[in-house]
Amino acid sequence: MTRTEGGCVIELRAKSPCDGLLPLSIGGVTLSEAAPGAMTCLMPYKGQAAALSGALEVACGIAAPAPGHSTVSDGVRILWFGRETLLLIGPEPAPELAQHAAVVDHSDAWAVVRLEGPGAVDVLARLVPVDLRESAFAPGATARSELRHMQAAITRLSADAFEIMVFRGMARTLVHDLRDVMESVAARAGR
Amino acid sequence: MRITCPLCGERDRREFYYQGAAVALTRPEPEAGEAAWDDYIHNRENPCGVTRDLWHHEMGCGAWLVVMRNTATHEVLEVELATDAKRTGA
Ligand SMILES: [Zn+2]
């Protein structure tokens, strides 16, 4: 506890968005919270997309991904995050990036969960109107879409693993909706 | 119904918000006169056939799109980013 003039202030402790809600494991599919580190939204200024990509290569060793894709290197990921928008995940942003883009800290803005296991794709397919077959959505592919009625970002990490992001304030709804579907997919499969 | 977003690819209609006729790309000059402004604000075609509308990829990439479609057959004929449509003279 920290002493103040009139009394005590309980020392504040950071809570993750899905604190107390996860992990879950149903029918061979697991849902867990990811700890992605710093998340920074990068929106290139007019005509600066290529310069931003170059600055990212210098700062993090990876260039900006094309729409629908993500790039990955040691401890750094960059997601295409919408029209003229990227999300840098992992390290704090290099100051030089601000010369080419609006740089906004999103570290506490998103609930980030990982859905994995055989059957993960069946769960997600019930919630997201995106073609999730591997031929259309391979590992590394990313999409902005809706999950039930929430704006979401979905990234395929591997054949059987997906990362799902929604606004932090919707963490409980996200877990609720995913749990519902995990249960019904498991019931249908007799697992 | 599916709309092929130039950035995201073919997506379900539920990801998109319909705004209306693509007149916002041809806004009159401030001094264009009452008739032009009256037309811009109030008058819309209601075609049975090809129409050109603004859609927002609200639950997707966030881009505004100009979608040409046929109201009789529901065929989507052409989709482009509104910024591109504007650049090439709407
Ligand atoms: Zn889109």
Side-chain angles (χ1 to χ4, degrees), chain A residues 41-49 64-70 79-87 102 104 106 109-110 124-138 140-156 164-167 170 173-174 177, chain B residues 1-30 51-90:
Chain A
C41 189
L42 304 170
M43 288 159 286
Y45 296 128
K46 206 169 192 177
Q48 292 286 302
H69 294 275
S70 59
L79 302 186
W80 175 81
F81 212 52
R83 178 177 176 253
E84 289 165 21
T85 311
L86 302 170
L87 191 73
V104 184
H106 276 212
W110 298 90
L124 211 50
R126 290 192 179 199
L127 292 164
V128 179
V130 170
D131 184 351
L132 296 171
R133 289 173 301 173
E134 246 187 297
S135 55
F137 199 71
T142 191
R144 294 302 306 262
S145 184
E146 62 164 32
L147 189 144
R148 206 143 269 173
H149 297 291
M150 290 174 282
Q151 284 184 320
I154 317 281
T155 306
R156 188 177 219 134
I164 304 165
M165 303 174 66
V166 300
F167 296 139
M170 296 177 180
T173 309
L174 174 70
D177 288 351
Chain B
M1 177 173 161
R2 284 169 180 276
I3 294 174
T4 301
C5 172
L7 295 173
C8 304
E10 189 182 299
R11 293 297 184 89
D12 194 271
R13 184 255 176 273
R14 84 187 89 155
E15 288 186 5
F16 298 88
Y17 166 78
Y18 173 76
Q19 198 266 347
V23 292
L25 299 174
T26 50
R27 188 181 159 102
E29 291 303 316
T51 183
R52 201 162 166 268
D53 301 310
L54 276 174
W55 291 73
H56 185 210
H57 198 184
E58 187 182 28
M59 297 302 250
C61 64
W64 280 95
L65 309 174
V66 177
V67 178
M68 219 190 327
R69 70 191 166 97
N70 189 314
T71 58
T73 63
H74 303 298
E75 195 180 355
V76 174
L77 303 162
E78 202 184 304
V79 185
E80 65 178 328
L81 293 173
T83 43
D84 292 346
K86 182 80 182 168
R87 203 173 297 133
T88 56

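Side chains included, hydrogens not; waters and symmetry mates left out as well; all remaining heavy atoms used.
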A.B. asks: Looking only at non-hydrogen atoms, find the nearest pair between B/Leu54 and B/Ala22 and report the distance.
C.D. replies: CG-CA, 3.9 Å
A.B. asks: With rounding to the nearest 0.5 Å, note down the distance linking CG in B/Leu65 to SG in B/Cys8.
C.D. replies: 8.5 Å
A.B. asks: Go through chain B and chain A and list any donor-acceptor pairs closer than 3.5 Å, backbone and side chains both.
C.D. replies:
unit_1: B/Arg11; atom_1: NH1; unit_2: A/Arg144; atom_2: O; d: 2.9
unit_1: B/Glu15; atom_1: OE2; unit_2: A/Ser145; atom_2: OG; d: 2.5
unit_1: B/Glu58; atom_1: O; unit_2: A/Gln151; atom_2: NE2; d: 2.8
unit_1: B/Met59; atom_1: O; unit_2: A/Ser145; atom_2: N; d: 3.3
unit_1: B/Cys61; atom_1: O; unit_2: A/Arg83; atom_2: N; d: 2.9

A.B. asks: Give the minimum heavy-atom separation between B/Ala63 and B/Leu81, together with the two atoms involved.
C.D. replies: CB-CD2, 3.7 Å
A.B. asks: Determine which residues belonging to residues 66-76 of chain B lie within contact range of chain A, meaning some heavy atom pair is under 4.5 Å apart, and list them by number or answer 'none'.
C.D. replies: none
A.B. asks: Do the non-hydrogen side-chain atoms of A/Val130 and A/Leu124 ever get within less than 4.5 Å of each other?
C.D. replies: no
A.B. asks: So do B/Cys61 and A/Pro67 actually touch side chain to side chain, heavy atoms under 4.5 Å?
C.D. replies: no
